[in-house]
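The next block holds one structure in the form of structure tokens; read it before the comments.
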Amino acid sequence: MAPTIFISAGEASGERYGALLIEALKERLARCGRSARFVGMGGPNMLATGLEPVVRAEDMAVMGITEVVRHLPRIYREFRKLKQSLHERRPDVAVLIDFPDIHFKLARELRALGVPVIFFVSPQLWAWKKHRIKLVQKYVDRMLVIFPFEEPFYREHGVTVEFVGHPLAELTLPAVTREQFAAENKLDSAKSWIGLLPGSRAKEIRDNLPEMLKAARELVGRHDRGRLQFVLPLAATLNEAQREFAHGLVEQHGKGLAIGLVDDARAALFHARASVVASGTATVEAALIGNPFVVVYRVSPITYAIARRAVTVPHVAMANLIAGKRLAPELIQNEFTASNIVRHLEPLLPDGPRRESMMKELAAIPGLLSRTGETRSGGGAIGRVAEITLELMSTRITATLEAAVHS
């Protein structure tokens, strides 16, 4: 009987990693003439690679204290489905990707069932909610981190940890040409494109996109209207209603602007002159691609007030934390205004010292996110995660068989 691998991801970036991981696991198993069942939580990318979904990622992706409270009934209902599936399917190993609010609870269930737990993509315990390290110590067998500064933090707390490298640092630059991308998305390749990346969740789009569009309008007013075009990627984890909501915001706040809604965020960043990017994984993507950008973010006043007291790091954007300096401007909460966006974005558009300086700083980021030397599997970060997953799965299966023999 084929082993069962539980893989769970609740956000757009983690969902992409989950899809890559399933492919890497299938490839390694096939080399040995084996196969496995993949079950858990994911979105369209993971489903396309063979995940049997228990819960859809888009039904769980909310954030912020007030936002979580408002969606608690639905979240609890979906969580119970996941919990029940663990008891029914008894997986041989579990890989939980980021999404700590749900995954720490699942880790506790998995530990009670004796299932090895791999946590891939660390929650930002080093920044806030450090008390959660006790949950990692108690329920997680292997913590696999994607930022080098996270490894010593976990080692100091007695956690078995490994820096596997960042999956995004291993991706080649998008192959699609500017002309192809323009034709596929009804854009004008002759215009200067500015990326607008409000976030992958509907709540982030609601809070961030209107101000971005206001800034776009101000920017157009200060430049030749026919010269600029705006590119807005929408995450694959958004459902149809959420995508329609985003379209509605564009119609409401971006009327008269040349805006193209696209599906490929990396290609949008690659071909954009500069971008406005909501804090999150997209800032790492922008940095790795070398696209000059301004970071923005807004949450509810209650969430922000609590975060200000709890967060202990000097920067909000992950790209700035990696660099150890403020290489991209951060406009957070009250500083996130259209006029501030325009003030920081305009100097990045023409060739000149500001643009050249940022691009030079961004060029150093890929080296900071890569492992030193080759992984044993030769498959980069995802390959190493697959390797560890199969190691723990084999150990679990062997232990189960030995227990059955001696019972």
Geometric class of the Tyr17/Phe120 ring pair [parallel <30°, tilted 30-60°, perpendicular >60°]: tilted
Main-chain N/O of Phe79 paired with Lys105 side-chain donor or acceptor, under 3.5 Å: no
Backbone N/O of His253 and side chain of Arg217: donor-acceptor pair under 3.5 Å: yes
CA sep, side-chain torsions, deciding dist, call: Val159, Gln137, side chain to side chain contact (heavy atoms under 4.5 Å, CB included): CA-CA 6 Å; Val159 174; Gln137 294 165 334; 3.9 Å; yes
Side chain to side chain contact (heavy atoms under 4.5 Å, CB included) between His271 and Val176, intermediate numbers included: CA-CA 9 Å; His271 291 296; Val176 63; 4.1 Å; yes
Test item: Glu151 side-chain N/O and Phe163 main-chain N/O as donor-acceptor pair under 3.5 Å: yes
Short side-chain donor-acceptor distance under 3.5 Å, Glu15 and Asn45: yes
Minimum side-chain heavy-atom gap Thr389-Ile7 below 4.5 Å: no
Pair Glu109, His87: side-chain N/O donor-acceptor within cut-off below 3.5 Å: yes
Leu29 and Leu390: CA distance, side-chain angles, deciding distance, side chain to side chain contact (heavy atoms under 4.5 Å, CB included) verdict: CA-CA 9 Å; Leu29 287 165; Leu390 294 177; 3.9 Å; yes
Side-chain touch Leu106/Phe6, heavy atoms, less than 4.5 angstrom: yes
Check: Ser275 main-chain N/O paired with Trp193 side-chain donor or acceptor under 3.5 Å: no
Minimal non-hydrogen separation, Asn334 against Thr337, with atom names: O-CG2, 3.5 Å
Side-chain donor or acceptor of Thr49 paired with backbone N/O of Met46 under 3.5 Å: yes
Parallel, tilted or perpendicular: ring planes of Phe99 versus His103, cut at 30 and 60 degrees: perpendicular
Close side-chain approach of Leu288 to Leu269, heavy-atom, < 4.5 Å: no
Check: Leu86 and Val115 side chains under 4.5 Å, non-hydrogen atoms: no
Electrostatic pair Arg132-Asp101, nearest N-O below 4.0 angstrom: yes
Gap between atom CD of Gln242 and atom CG of Asn239 - 0.5 Å precision: 3.5 Å
Distance-only donor-acceptor check, side chains Glu88 and Gln84, under 3.5 Å: yes
Mutual orientation of the aromatic rings belonging to Phe104 and Phe119 [parallel < 30°, tilted 30-60°, perpendicular > 60°]: tilted
Pair Arg243 + Glu240: basic N to acidic O under 4.0 Å: no
Sidechain-backbone polar pair: Arg396 side chain, Gly114 backbone, donor-acceptor under 3.5 Å: yes
Crowding at NZ, Lys83 (>12 non-hydrogen neighbours, <6.0 Å): no
Side-chain donor-acceptor pair present, Tyr297, Glu204, cut-off under 3.5 Å: yes
Under 3.5 Å: donor-acceptor pair, side chain of Asn291, backbone of Ala272: yes
Closest non-hydrogen atom pair between Met358 and Pro329, with its separation: CE-CD, 3.8 Å
Minimum heavy-atom distance between Leu51 and Gly42, given as atom pair plus value: CD2-N, 3.7 Å
Any donor-acceptor pair under 3.5 Å from Asn185 side chain to Leu187 backbone: no
Under 3.5 Å donor-acceptor, Gln333 side chain and Tyr304 backbone: no
Nearest heavy-atom neighbours spanning Pro292 and Arg355: CG-NH1, 3.6 Å
Closest approach of Ser279 to Val316 (non-hydrogen atoms, all atoms of both residues): OG-CG1, 3.4 Å
Arg90 side chain near Thr4 side chain, heavy-atom distance below 4.5 Å: no
Shortest non-hydrogen separation from Thr281 to Leu168 and the atoms involved: CG2-CD1, 3.7 Å
Ion pair Glu162/Arg371, N-O distance below 4.0 Å: yes
Side-chain donor/acceptor of Arg142 to backbone N/O of Ile118, under 3.5 Å: no
